[in-house]
K.L.:
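Encoded as structure tokens, here's the structure I'll be asking about.
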Amino acid sequence: MRFLVISDIHANLAALEAVLADAEGEWEQIWCLGDVVGYGPDPNECAALLQEHDHLTLSGNHDWAVLGKLDINAFNTEARAAIQWTQETITEETRQFLTELPPQQVVPPLALVHGSLRQPIWEYILDRRTAALNFAEMEGETPYCLVGHTHMAVLFVEETEGTVDALAPDYGKPVALGEQRLIINPGSVGQPRDSDPRAAYALLDMEAMTLEHRRVVYPIGQTQERMRRHNLPARLIKRLEHGW
Ligand code: ZN
């Protein structure tokens with residue numbers, strides 16, 4: 001079976017639509033690693049669009065904050081303002097959808113989490129040291145782990161126990177899933193933070209045993225215009241065109 005692996009949509013419908021169009025016909029199920037809402041202008045539309053497809057979706061820290069399951073004071077001013085706007089904006093259906101999302105899921109040989117195996121909702125795997133600590137937590141039946149949360153597409157490879165390499169994705173080129181254990185981040189659909197404003201995603205083919213990172217251009221101005229209309233923080237609007 002083939003999976004569309006996405007994360008951190010953050011209520012950016014234009015970006016989600018671009019990813020779905022770009023990968024059309026290349027997958028059977030969506031795996032979404034959390035943060036469906038927060039930051040962006042289209043929380044209800046993104047939740048509805050996901051549910052039109054066969055999907056397995058996790059909850060992230062922003063989803064939890066919107067539901068009141070995390071203290072919003074743990075977030076910076078702009079993120080907090082967007083969370084409060086999202087709380088006022090989501091419908092009962094969206095709230096119900098978010099409530100039912102699990103924080104992690106095991107689908108051998110893969111483990112799926114938003115942040116990390118050690119802290120599924122909150123830890124950022126940004127460096128090789130943190131990745132090594134998480135490889136140490138991996139169970140035998142799941143040598144591959146999919147994570148989101150950092151908004152940075154990356155492939156952590158365990159060379160030997162305790163030694164980890166961090167590889168920048170080679171976009172459009174499938175990588176074989178082999179003997180080495182991997183922590184894979186598809187990057188963010190709706191708010192990339194690696195200086196590349198294009199929406200990020202990955203395709204996972206469990207028959208060919210390959211993973212492919214991809215990027216796709218989307219109409220950023222459309223999302224920014226909708227954010228302006230809803231008076232979302234200016235800094236959150238600006239950052240989309242720079243990819244940070
Ligand atoms: Zn996020």
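Only heavy atoms go into these numbers, but all of them, side chains included; no hydrogens, no water, no symmetry mates. Remember, it's 1-based here, ligands and their atoms both numbered in the order they're listed. Remember, it's a predicted structure, so these values are computed and weren't measured experimentally.
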K.L.:
Checking E123 against N134: is there a side-chain donor and acceptor pair closer than 3.5 Å?
P.N.:
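Yes - a donor-acceptor pair under 3.5 Å links their side chains.
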K.L.:
Assess the side chains of Q84 and E88: does a donor N or O sit below 3.5 Å from an acceptor N or O?
P.N.:
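Judged by distance alone, the side chains do not pair up.
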K.L.:
Please state whether the rings of W122 and F75 are parallel, tilted or perpendicular, taking 30° and 60° as the class boundaries.
P.N.:
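Correct class here is perpendicular.
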K.L.:
Could you give the side-chain donor-acceptor pairs of residues 36-49 under 3.5 Å, partners two or more places apart or in another chain?
P.N.:
residue	atom	partner	partner atom	Å
Y39	OH	R193	NH2	3.2
D42	OD1	R226	NE	2.5
D42	OD1	R226	NH2	2.5
D42	OD2	L13	N	3.2
N44	OD1	T91	N	3.0
N44	OD1	T91	OG1	3.4
N44	OD1	T94	OG1	2.5
N44	ND2	T89	O	3.1

K.L.:
Which residues pass the side-chain contact (heavy atoms from CB on, under 4.5 Å) test with A200, sequence neighbours left out?
P.N.:
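side-chain contact (heavy atoms from CB on, under 4.5 Å) list for A200, sorted by chain: R215.
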K.L.:
Report the hydrophobic cluster partners of W244, with the cluster defined as I, L, V, M, F, W, Y residues connected by side-chain heavy atoms closer than 4.5 angstrom, directly or transitively.
P.N.:
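Traced through the cluster, W244 reaches no other member.
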K.L.:
Provide the tally of protein N/O/S atoms nearer than 2.8 Å to the Zn ion (ligand 1).
P.N.:
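For the Zn ion (ligand 1), the figure is 4.
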